[in-house]
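Proteins come first, then strands; the chains are lettered A, B, ... in the order of their sequence lines, and each starts at number 1.
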Amino acid sequence: MELEVAKAAIEAAVPGCRLEMVVNPSPSAQHSLLMDAEHAVAVATWLRDAEGMRFDYCSNVTGIDWPAKELTEKVKVKKLVDGPNGPEEKEVDEVRKTLVPGFLEVVYHLFSVERRDGPVVLRMRTVDREARVHLPSLTGVWRSADFQEREIFDLYGVVFDGHPDLRRLLMWDEFKDHPMRRDYVEPDDYEYEPTAHDEVLERARQHVIAAGGRTA
Amino acid sequence: MIDAAQTADQIFVLAKQWVLGYSPAALRPLLSAVLSVVPVLIAFPLLFAITTVLERKGLGRIQNRYGPNRAGPFGFFQPIADGIKSLTKEDIIPSSADHAVHLLAPVVLVVAAFLTYAVLPIGRGMVIANLNAGVLFFFAVGTLVELAVFMAGWSSHSKYSLLGAMRAVAQMISYEIPLVLASVVAIMAAGSLSPVGIVAAQAGYSGILPHWFVFTPWGFAGFILFLVAATAESNRSPFDLPEGESEIIAGYYIEYSGFKFALFFLGEYLGMFASSAMAITLFLGGWSAPLSFLTWVPSYVWFFLKLLAMIAGFIWIRGTLPRLRMDQLMGLAWKFMLPMALLNIVAAAVWKFIPSPPVRWAVCAAILIFPCVVLSRGLRRAKKLQVRSYQFAE
Amino acid sequence: MVGEGILKGLAETARNFFGSYVDGERLTTVQFPEQRLAPIEATRDFPFLVYDGEDWHAGMRCVACQICEKECPPKCIYIEKSADKKPDAMGKAQFYPAKFDIDISVCMSCQICVEVCPFEAIKMDTEFELSTDDRFGGLLLHKDKLAKSNEHYHRIHPTEAAAVDAGLAAERMAAEARTKAAAEAKAAADTKAAEAKTAAASMQASGGGTQ
Amino acid sequence: MSAASVAGEVMEELDAAVRPADDFGEQLLEVSMGPQHPSTHGVFRMNVALDGERVMKLKPVFGYLHRNHEKIAEQETYLGSMPYTDRLDYFCSITNNWAYALAVEKLAGITVPERAEYLRVITGELTRLQNHACLIGFLLQDMGASGTPLMYAFREREKILDLFEALTGARMMCNYMRFGGCRVDLPAGWLEQARGVVAGFPKFLDEFEQLLQSNEILMERTQGVGVLSKELAINAAVSGPMARASGVNYDLRKVDRYGIYDRFAFRVPLGAHGDVYDRYMIRVLEMRESVKILEQAMKEIPGGPIVDPKTKIRGFRPKPGEAYGRIEAPKGELGFYLVSDGSANPYRYRVRPPSLINLTVLEDMCLGRNVADVVIILGSVDIVLGEVDR
C-alpha cells in the first residue's frame with residue numbers, strides 16, 4: 001500500500017482529520033503517517049474496517065521520547081555595528097538558538113492479515129512531556145494495544161484516554177518516574193546486585209545505612 | 001521338604017508362639033498384640049522406603065534417566081538420606097494456622113493408614129485381627145484418611161491447601177462408592193466379610209491355575225474398577241488432583257514441611273499399599289501362590305511379590321498418564337464407574353445361578369462388555385472427543 | 001472411556017523403560033564428574049588473555065588499547081594502562097595492561113571482546129568449573145589468573161588457534177619485511193612493502209573467517 | 001469446590017443457567033497464582049478470582065523479571081545488544097538474534113550473503129524444533145504427566161543444543177547472528193551431525209504421538225478448553241502457532257518471505273477449533289514441516305562468504321531513520337523496531353514480544369474454566385518470562 005494513496009483515502013473518509021507524512025530516510029523506507037489526536041480513533045477504525053484497507057492486525061505499539069532540544073544555527077544577520085565612522089550596517093554571524101519543545105510519540109505498526117499487507121505506520125504526538133501527555137487509546141480498535149499501551153503509560157508516561165485498564169504494566173504500582181524517558185535518572189537506591197566493584201558496593205552500603213540497617 | 005516349606009511359611013507365627021510360650025500368662029494378650037503389630041509397623045514403612053526408591057528409579061527409567069543412584073549402592077540409601085533431610089528440616093507452622101489441628105492432621109492420617117492393616121492377611125495365619133467383618137472395618141477406617149486430609153487443608157489456612165482439601169474430600173467420598181461396590185462381588189462370591197474368609201474362598205487350583213476371583217468376568221471387571229477407585233482413593237496419578245503440583249502446588253499439605261511432610265508422604269503410600277493389599281485379598285487370592293506347583297514358596301513372599309507388582313503398575317501408570325480435571329474425575333466416578341459397578345454385581349449374581357461354565361462366561365461377559373462399550377462411546381461422543389485431522393495452507 | 005490411547009501410551013512408556021537399559025540413544029544421561037563428554041571445540045565460557053612464550057608478563061599480547069573494555073556489552077572488563085612500555089608480540093614497544101580485571105559474575109560470555117580485539121590477545125576459555133565460596137573476590141579475575149599460554153589456546157581451540165598463529169606469523173613477516181625494506185632503496189622498498197601488506201591482509205582475512 | 005463440580009457437568013450447566021454469575025461476588029476466593037507457582041513458567045503471576053474452582057476474573061501481573069532491556073540497549077552499541085537479545089526468549093536465542101539482525105539490516109540496508117541465509121534458516125528451524133518439543137513437554141507437565149513427555153523432549157533438545165554448541169560455542173546463549181550474516185561458519189562434520197539429528201527427529205515425533213495423541217485423558221483435558229476465536233486472535237494480534245490454531249493463516253515465513261523462505265516447500269497447518277488441543281497439535285505438525293525445511297536447506301546450502309564484507313564490527317553507525325523488522329519466531333511474531341539518530345547507539349530500541357501480546361487474550365480464554373484449565377491454557381500460550389517482562 002502506497003502511503004500517499006492511503007493518506008489521501010483516509011483524509012477523504014475521515015473529514016477534518018489532518019495527516020502528515022513523516023518521511024523515513026533510512027533504507028527501510030517505512031514512512032509513517034502522523035495523526036492528530038482528535039481523529040485518531042476514527043482514522044484507526046476506518047483503517048481497520050474499510051474495504052481495501054483492512055488493517056486488522058496491529059502488531060506493534062511503542063513509544064518514543066523526544067526531549068526538548070536546542071537547535072543551534074548560524075545565521076548571517078545585518079546589524080548596526082559601531083564602526084569607526086559611527087554606526088553602520090554590517091553582516092555578522094550570529095548563533096541563534098531555538099528551543100524545539102519536547103514531546104512523546106506513540107507509534108503503531110499495522111498489518112493486514114486479510115490482504116497480507118503492511119506495515120502502515122501511524123504516529124501520534126503529545127503536546128509536551130509533562131502535563132499534556134494525553135492521547136486517545138486505540139485499544140478499542142485493536143485489542144493488541146491493551147498491554148502495549150499500558151507499557152507505554154508505564155515507561156513513558158503517555159496517558160491513554162479511554163483505555164479500559166490503564167495501570168502500570170512492568171514497574172510496580174508505587175513507582176513514580178517513567179524509566180524509558182531519555183532524562184530518567186536511575187534512583188540511587190536501585191536494588192543493586194552487589195558486585196566486585198567498590199563503587200557499587202559503596203552505594204548499596206550507603207542505602208543500607210540510610211535505611212537504618214547494619215552493614216557487615 | 002514339605003516340612004521345611006511349611007516351617008518357612010509359618011516361621012513368623014511359630015516365632016511368635018515361641019516367645020509367648022516363655023511369657024507369663026497375664027501378659028500374653030498384650031504381648032501377642034504387640035508381637036503382631038510391631039512387625040507390621042516395621043515392614044510397611046520399610047516397604048515405603050523401598051518403594052520411594054523404586055518409584056524414582058522406575059520413573060527415571062521410563063523417562064530415560066537413571067533416577068537416584070548416588071546414595072549408597074544403586075542409590076538404595078536414598079530414603080535414609082531423605083529421612084535425615086526431613087528430620088533435620090525446620091518445621092514451619094504458618095502463623096495463621098490452627099496449631100493443634102495442624103499438628104494432629106498428619107498423625108491422624110498415619111494412624112488411620114496403619115489401622116487398615118489390622119485386617120489384612122499378609123500370609124497364611126498372619127493377620128493381626130481376624131474380624132468377621134474385616135472388609136467393612138477396612139473401608140470404615142479408610143474413611144478416616146479423608147478427615148485427616150481435610151484437617152490438614154483447613155488448619156493450614158492457605159487457599160491452595162483449602163482447594164486441595166476440598167478436591168481431596170470430594171474425590172475420596174465419590175470414589176468410596178465404586179470402591180465398596182466393586183468389592184461387593186468378592187464378598188458375594190466368598191459369602192464372607194472376613195478377608196481371611198475371602199482368601200480361603202479363592203484357595204484351590206484347577207490344574208495349575210488358581211481359583212482367583214480375577215479369573216472370572218465379574219472378578220476381572222471388579223478388579224479393574226477396584227484398582228481405578230483405589231488409585232483415586234490414594235491420590236495417585238492420574239487422579240492426583242488433590243495435590244496436583246502444577247495446579248494447586250501440593251494441595252492440602254502445601255504448608256507442611258520437615259517431618260510432618262514426611263508423615264503425609266508415608267501416610268499416602270501406606271494408603272496405597274493398603275488399597276493394593278485389599279485388591280490382592282479380594283481378587284488375587286491373597287497370599288496364595290499363582291500356580292499350584294509354587295505353593296512351597298512362603299505365603300508372605302507371594303503377598304509381598306503381588307504387592308510389589310501392583311506398585312510397579314501404579315508407577316507405570318504414573319509415568320504415562322496426565323491428570324484428569326475435577327469435573328471429569330467426578331464424571332468418571334458417577335457416570336461410568338458407578339453403573340459399571342452395579343452391573344458387575346448383577347453379573348456376579350447371574351454367575352452364581354448359571355451352572356454351566358461356558359454359558360455363564362458368555363452371559364456375564366455380555367452383561368459387562370456391551371454396556372461398557374456403549375457407555376464409554378456415549379460419554380466420548382457427548383464430549384465430542386476425537387483425534388482431529390488438520391488443514392494445511394500452502 | 002478406558003481406551004486404546006491410554007494403552008498405547010502405556011506401551012510406549014514400557015518400551016522406553018526397557019529401552020533405557022539396552023539403548024544408549026535413549027539413556028543419554030552423562031554422569032558428570034565421572035563421565036565427561038568430549039570437549040566441543042567451539043565452546044566458550046569466559047575470556048582469557050593469551051601470552052606467547054614462557055613468561056606470562058613478558059609474552060602478553062594485550063597492549064591495553066581498551067577497545068574490549070569499551071565494547072563489552074555488560075562492561076565487565078577493567079583495564080588500566082601501564083606507564084612504561086614493553087615489547088609486544090611484534091617486538092614493538094607497547095603499553096601493557098597494568099591492571100586487567102574481568103568480573104565473571106557480570107560477564108555473559110558473548111565473545112564480543114574476542115571479535116573486536118585487533119591483537120588476538122583475548123580469547124574464550126572453556127574452563128567452567130569456576131565455583132568459589134568468595135562471592136566477590138573469587139569471581140573477579142585479575143590478569144595473573146586470566147593470562148594463559150598460547151599452548152593452552154591451541155589445546156582448547158586447535159583450528160582457531162592455528163589460523164590465528166598463521167595470521168600473526170604473516171603479520172610478523174610483513175613487519176620484518178617492512179623494516180628490511182626501509183633500509184633498502186626507497187622505490188624498491190615501497191613496492192615490496194605493498195606486496196607484503198596485501199599478502200598479510202589476505203592471510204588475516206582468511207584467518208578471521210574461520211574464527 | 002462448588003456443589004457443581006461434585007455432581008458433574010450436567011449440574012454445572014444447570015447452575016450457570018439458574019444463577020447469574022455475579023450473584024456471589026462477595027464470596028469469590030482470590031488466589032494469587034504466581035510468581036512462585038510451579039506452572040506459571042517463570043515469575044508470571046495471575047490474580048484469579050474463583051467461585052469454587054471456576055475462574056470469574058483473571059488479571060495477569062507482569063514485571064518480576066523486568067530489567068528494562070530496551071533502556072539497556074539504548075546505552076549499548078548496535079552490536080552490543082546482540083548478546084542481550086539471547087536473553088529475551090532464552091529458549092530461542094537464535095531466532096531472537098535473527099529478528100534483531102533483520103531489523104538492523106533493514107535500518108542500514110545491508111544484504112546477507114546466500115550461505116548466511118541458509119545458516120540462518122537451518123539454525124532457526126532447529127530452534128523451532130527444540131522450542132516446540134519442549135513446549136509440548138511443559139504443557140503435558142502442566143497437565144500432570146510426571147515429566148515423562150518433558151524428559152523425552154529434553155532428550156531430543158539435548159541433541160540440538162549439542163549442535164548449537166558445536167556451531168556457536170554456547171548451548172542457549174548463542175549470540176550467533178551478525179548484521180549482514182552470521183558469526184562463524186559451520187565446523188567440519190557439523191552438517192552430517194545435523195542431518196543425523198534431523199533424520200531422527202520424526203521418529204521422536206512418532207513416539208510422542210504414540211504416547212499422547214489419542215490419549216483419552218489428553219483429549220478430554222484439552223479439547224474445547226481455552227477456545228480463542230479467529231476474530232479475537234487477529235484483533236489482539238495473537239501470532240505464531242497460537243493464531244494458526246485459531247485458523248488465522250498468518251505465518252510470516254509465508255507472508256513476509258523474509259530471508260530465503262520462499263525457496264522451501266512447506267505447509268502451514270491450521271486449526272479449526274482454537275482450543276488447547278489445536279495449539280498442541282499445530283506445534284506437532286509445525287515440527288514436521290520444520291523438518292522438511294531443514295532437509296531442503298541442508299541439501300541446498302551453497303558455499304561462499306557468511307557475512308557481508310562491507311559491514312564492520314566496530315563503529316557501526318546507521319544513518320538516521322527507523323525500521324521495523326519481524327520474523328516468525330517459534331512463539332510468534334518477534335519484531336524489533338529501531339530508531340537511529342546516526343550515532344553508534346540506537347535512539348530507540350523496541351522489542352515486540354510475542355509472548356506478552358499473546359497473553360492479552362489469556363483472560364478471555366480462561367473465564368468460566370477451572371483452575372486446572374487455567375494452568376494448561378497458560379501452558380499452551382507458550383510464554384517465556386524473559387521475553388514477557390524484558
Side-chain angles (χ1 to χ4, degrees), chain B residues 54-55 57-70 74-75 178 220-221 224-225 227-228 231 237-238 312-322 324 328-329 331-340 368-369 371-383 385-387, chain C residues 1-46 104-105 107-109 124-139 141 155-156:
Chain B
L54 285 182
E55 171 150 32
K57 287 182 97 65
L59 275 181
R61 285 292 173 168
I62 283 176
Q63 298 169 1
N64 299 332
R65 300 181 283 116
Y66 283 104
N69 64 352
R70 294 283 155 139
F74 299 102
F220 182 73
I224 299 291
L225 288 171
L227 266 194
V228 174
T231 317
S237 174
F314 278 124
I315 295 170
W316 185 13
I317 286 171
R318 180 174 167 197
T320 309
L321 297 181
L324 279 162
Q328 293 157 354
L329 182 90
L332 179 67
W334 295 101
K335 292 180 188 165
F336 184 76
M337 304 261 299
L338 185 64
M340 286 312 294
L368 291 169
I369 291 171
C372 174
V373 171
V374 169
L375 204 56
S376 56
R377 282 245 174 105
L379 286 175
R380 214 174 140 156
R381 198 166 305 137
K383 286 176 178 154
L385 299 184
Q386 55 179 346
V387 178
Chain C
M1 280 296 299
V2 181
E4 44 164 357
I6 288 172
L7 296 179
K8 261 194 210 167
L10 284 171
E12 189 56 49
T13 41
R15 213 152 65 87
N16 274 288
F17 179 83
F18 294 112
S20 71
Y21 283 99
V22 290
D23 189 356
E25 275 285 288
R26 286 197 194 280
L27 194 66
T28 48
T29 313
V30 177
Q31 308 239 34
F32 168 59
E34 298 92 36
Q35 294 174 15
R36 278 162 199 259
L37 287 174
I40 295 178
E41 208 187 316
T43 309
R44 61 183 147 92
D45 280 299
F46 294 109
I104 58 167
S105 65
C107 175
M108 55 185 191
S109 313
M124 296 309 276
D125 207 347
T126 53
E127 176 67 39
F128 55 88
E129 287 167 278
L130 293 160
S131 62
T132 163
D133 50 6
D134 180 3
R135 188 175 169 195
F136 302 124
L139 294 176
L141 301 187
R155 199 165 53 246
I156 56 175

For this session: Against chain C, label B:I317 side chain, backbone, both or neither, depending on which of its atoms sit under 4.5 Å from a heavy atom there.
Result: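 Contact with chain C: backbone and side chain both.
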Problem set entry | Residue part contacting chain C, namely of B:I62, when any heavy atom lies under 4.5 Å |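 Looking at B:I62, backbone and side chain both touch chain C.
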For this session: Kindly compute the distance separating CG (B:N64) from OH (C:Y21), expressed to the nearest 0.5 Å.
Result: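 If we round to the nearest 0.5 Å, B:N64:CG and C:Y21:OH are 11.5 Å apart.
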For this session: For C:L27 and B:R61, work out which heavy atoms get closest and say how close.
Result: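 Scanning both residues completely, I find the closest heavy atoms to be CD2-NH1, 3.4 Å.
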For this session: Compare every heavy atom of C:A11 with every heavy atom of B:W316, then report the nearest pair and how far apart it is.
Result: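 Heavy-atom minimum between the residues: CZ2-N, 4.5 Å.
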Problem set entry | The single option from C:L7, C:I6, C:T13 passing side chain to side chain contact (heavy atoms under 4.5 Å, CB included) against B:T320 |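 Result for side chain to side chain contact (heavy atoms under 4.5 Å, CB included) with B:T320: C:T13.
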Exercise. If you count the non-hydrogen atoms of other residues, nucleotides and ligands that lie under 6.0 Å from OH in B:Y66, is the total more than 12?
Worked result: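 Enclosed: over 12 neighbouring heavy atoms sit under 6.0 Å from OH of B:Y66.
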Exercise. Which region of C:Q31, side chain (C-beta onward) or backbone (N, CA, C, O), has a non-hydrogen atom less than 4.5 Å from a non-hydrogen atom of chain B, or is it both or neither?
Worked result: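 Backbone plus side chain of C:Q31, per the 4.5 Å heavy-atom cut-off to chain B.
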